Amino acid sequence: TPIQWKKVIEDEMRESLKSIPPGDWAKIWDVIKEWKEGHQTYFDIANEDEGDESGAGLRYLIDIVNKELDRYFRYRGLGKASGLPKVKGQATPRETSEREIEPDKRGQALSDIIAVLADKEEDIRTFREEVLNGKLLGPEEVPGWIKSISESEEPTITVTFSVTQEEGWGKALVKQAKQVAAKQGRLTPGVGYGRVTLSYINPASAWKQTAIINEKGTLGRLKRLAKQYADFWPEAGAVQFILTGKAPPVSQARVGHKLTSYGLNKIVLEVSPHLTGDRVRSLFLQEKKRSLGFKGKLAGEKRKSKTRRLKPESLDLAVLAAETPGPWPRKMDKWNYKFPALKYKHPSTFEVDCKAAFERVTGWRWEDCFDSLK
């Protein structure tokens, strides 16, 4: 009978029902008791299932009760998700600087051949003749030469406008443009500034150097010319070759990672097909270590760079904890019902394991994503 089933279910779901006021549980049970499909109630179906297989009817009714409890906790707003985590200091996605991997002998040979062929290109020959007077610079002269040209040419300022295409949008655009030209008043939202830069190699520095340039001037011309060789060298390397005739080796790989606005890391590998599988694996593991360490620094906390393979039960723990509303005893009760072979006795232990699994799967702290509810 419904009364007998209620007692059995209350014994089986003791932890889940502790956090529900008796009056609310009575209302939930009334909903379950009054449901009918045709002439059958939940209890008629459970009795039929129980007749076919011992325990099947109880499992059926527990599933029904759990669905009603999910609605109950979500309706009351208990244990609901507070949203995707916000990463401090990281409002927009961004990519970290790429690392050029030390070239091998093949990369150097390929670069030497490309240099021979590029020296014959009309655009390069014309640039060297007109701008360098037919005389190549020494690598140590490049920084001073670029600085001199940069200071002699007014830098290009890029201005972007964003307006809604509606009636009068042309006037709004003109108004923004006048404000920019006059450098007066507070700019309306949607106006942005930018600079055009050129990358180059400074032999005295371990870091890539950049200069602000005039897009239509000499360095702008150099930038466009260097872009033609982006398949072989990064901009700084191509600039080095055009000005000095010395070609940097063609890199066998470029490695980097990007960090999304939600703190998720993505490793980016661009590798030559001639690279061995072991070498590619090694590059990935190195960048993985750097990537995890970088994320930890962003969050302002120490972070282990080693990761272990996730066990299937860890994935199940993380998902069940996230998708089951309500307090931890209720989540544990549901886990024990679904995975009796991995049964927990203490809600506090279950909570710790769930939070650890959740962080390993997502990289996010549980408290940053969910409201705590004991």
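These numbers come from a predicted model, not from an experiment.
- The minimum heavy-atom distance linking Thr156 with Glu215 is given by the pair OG1-N, 2.6 Å.
- Between the Arg330 side chain and the Pro325 main chain, a donor and an acceptor come within less than 3.5 Å of each other.
- Applying the salt bridge (charged side-chain N to carboxylate O under 4.0 Å, His left out) criterion to Arg224, with sequence neighbours excluded, gives no partner residue.
- Between the side chain of Lys223 and the main chain of Thr197, a donor-acceptor pair closer than 3.5 Å is present.
- Remark: the backbone N or O of Leu320 is paired with a side-chain donor or acceptor of Thr324 at under 3.5 angstrom.
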Exercise. Step by step, work out the side chain to side chain contact (heavy atoms under 4.5 Å, CB included) result for Ile45 and Leu61.
Key: CA-CA 9 Å; Ile45 297 172; Leu61 284 178; over 6 Å; no

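- A donor-acceptor pair under 3.5 Å links the side-chain atoms of Ser152 to the main chain of Ile149, judged by distance alone.
- Side-chain atoms of Glu48 and Gln40 form a donor-acceptor pair, as typed in the model, at a separation below 3.5 Å.
- In this structure, the side chain of Gln209 does not engage the main chain of Ser199 through any donor-acceptor pair within 3.5 Å.
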Exercise. Test side chain to side chain contact (heavy atoms under 4.5 Å, CB included) on Leu69 and Lys334 and set out the steps.
Key: CA-CA 11 Å; Leu69 292 182; Lys334 190 172 182 180; over 6 Å; no

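- Residues in residues 217-255 take part in these ring pair (Phe, Tyr, Trp, His ring centres under 6.0 Å) pairs, two or more places apart or across chains: Trp233-Phe241.
- In the hydrophobic cluster analysis, where Ile, Leu, Val, Met, Phe, Trp and Tyr join through side-chain heavy atoms closer than 4.5 angstrom, Leu132 is grouped together with Val239.
- The closest side-chain donor-acceptor pair between Asn66 and Tyr337, if any, does not fall under 3.5 angstrom.
- Using modelled atom types, no side-chain atom of Ser314 and backbone atom of Ala357 make a donor-acceptor pair closer than 3.5 Å.
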Practice problem: Dump the intermediate steps for side chain to side chain contact (heavy atoms under 4.5 Å, CB included) on Trp5 and Ile32, then the final yes or no. | Solution: CA-CA 11 Å; Trp5 274 123; Ile32 295 172; over 6 Å; no

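- For the atom pair CG (Asp333) and CE (Met13), the distance works out to 5.5 Å, reported to the nearest 0.5 Å.
- Placement of Tyr42 and Val31 in two distinct hydrophobic clusters is found when ILVMFWY residues are connected by side-chain heavy-atom separations under 4.5 Å, directly or transitively.
- Between Trp366 and Phe358, the ring planes lie perpendicular to each other; the angle is over 60°, past the 30° to 60° tilted range.
- Linking Ile, Leu, Val, Met, Phe, Trp and Tyr whenever their side-chain heavy atoms come within less than 4.5 Å puts Phe339 and Met332 in one cluster.
- By the salt bridge (charged side-chain N to carboxylate O under 4.0 Å, His left out) test, Glu130 pairs with Arg221, sequence neighbours left out.
- The hydrophobic cluster containing Leu317 also contains Leu342, counting ILVMFWY residues as joined when their side-chain heavy atoms lie under 4.5 angstrom apart, directly or transitively.
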Self-check item: Test log, rule side chain to side chain contact (heavy atoms under 4.5 Å, CB included), inputs Ile157 and Arg195
Solution: CA-CA 5 Å; Ile157 299 176; Arg195 298 281 190 176; 3.3 Å; yes

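- When the shell of 6.0 Å around NZ of Lys6 is examined, it contains more than 12 heavy atoms from other residues, nucleotides or ligands.
- For the 3.5 Å distance criterion, the side chains of Asp44 and Thr41 qualify, holding a donor opposite an acceptor.
- Scored by the salt bridge (charged side-chain N to carboxylate O under 4.0 Å, His left out) test, Lys7 finds Asp11 as partners (sequence neighbours excluded).
- A heavy-atom distance below 4.5 Å is found between the side chains of Trp145 and Leu219.
- Counting heavy atoms from C-beta outward, Cys354 and Trp328 have side chains that approach closer than 4.5 Å.
- Residues Tyr72 and Trp29 place their aromatic rings such that the two centres sit no closer than 6.0 Å.
- Of the possible donor and acceptor atoms, one in the side chain of Asn47 sits under 3.5 Å from a partner among the backbone N and O of Phe43.
- The distance from the CG atom of Leu283 to the CG atom of Asp278 is 11.0 Å, given to the nearest 0.5 Å.
- Counting all heavy atoms, side chain and backbone alike, Phe73 lies closest to Ser19 at CZ-OG, 3.8 Å.
- Taken from NZ in Lys227 to CD in Glu235, the straight-line distance is 9.5 Å, to the nearest 0.5 Å.
- Within the 4.5 Å cutoff, no side-chain heavy atoms of Thr349 are placed close to those of Lys345.
- Under a 3.5 Å cut-off, the side chain of Lys331 and the backbone N or O of Ala321 do form a donor-acceptor pair.
- Within a 6.0 Å sphere centred on CH2 of Trp35, other residues, nucleotides and ligands contribute more than 12 heavy atoms.
- A salt bridge is absent between Glu359 and Lys355: the closest approach of a Lys/Arg side-chain nitrogen to an acidic carboxylate oxygen does not fall below 4.0 angstrom.
- Using a 4.0 Å cut-off between charged nitrogen and carboxylate oxygen, Asp30 and Lys27 do not count as a salt-bridge pair.
- Shown here for Arg128 and Gly245, the closest heavy-atom pair between the two residues is NH2-CA, 3.7 Å.
- For the side chain to side chain contact (heavy atoms under 4.5 Å, CB included) criterion with Pro329, the lone passing option out of Glu15, His346, Lys18, Arg14 is Glu15.
- For Asp231, there are no salt bridge (charged side-chain N to carboxylate O under 4.0 Å, His left out) partners at least two apart in sequence or on another chain.
- In this structure, Leu243 and Tyr200 have side chains that are not in contact, with every pair of non-hydrogen atoms separated by 4.5 Å or more.
- Hydrophobic clustering, with ILVMFWY side chains joined whenever heavy atoms are under 4.5 angstrom apart, keeps Ile201 apart from Leu225.
- Listed by first and then second residue, the salt bridge (charged side-chain N to carboxylate O under 4.0 Å, His left out) pairs involving residues 138-147 amount to none (not counting sequence neighbours).
- Environment of CG in Leu117: crowded, with over 12 heavy atoms of neighbouring residues, nucleotides or ligands closer than 6.0 Å.
- The shortest distance between side-chain heavy atoms of Ser150 and Pro155 does not fall below 4.5 Å.
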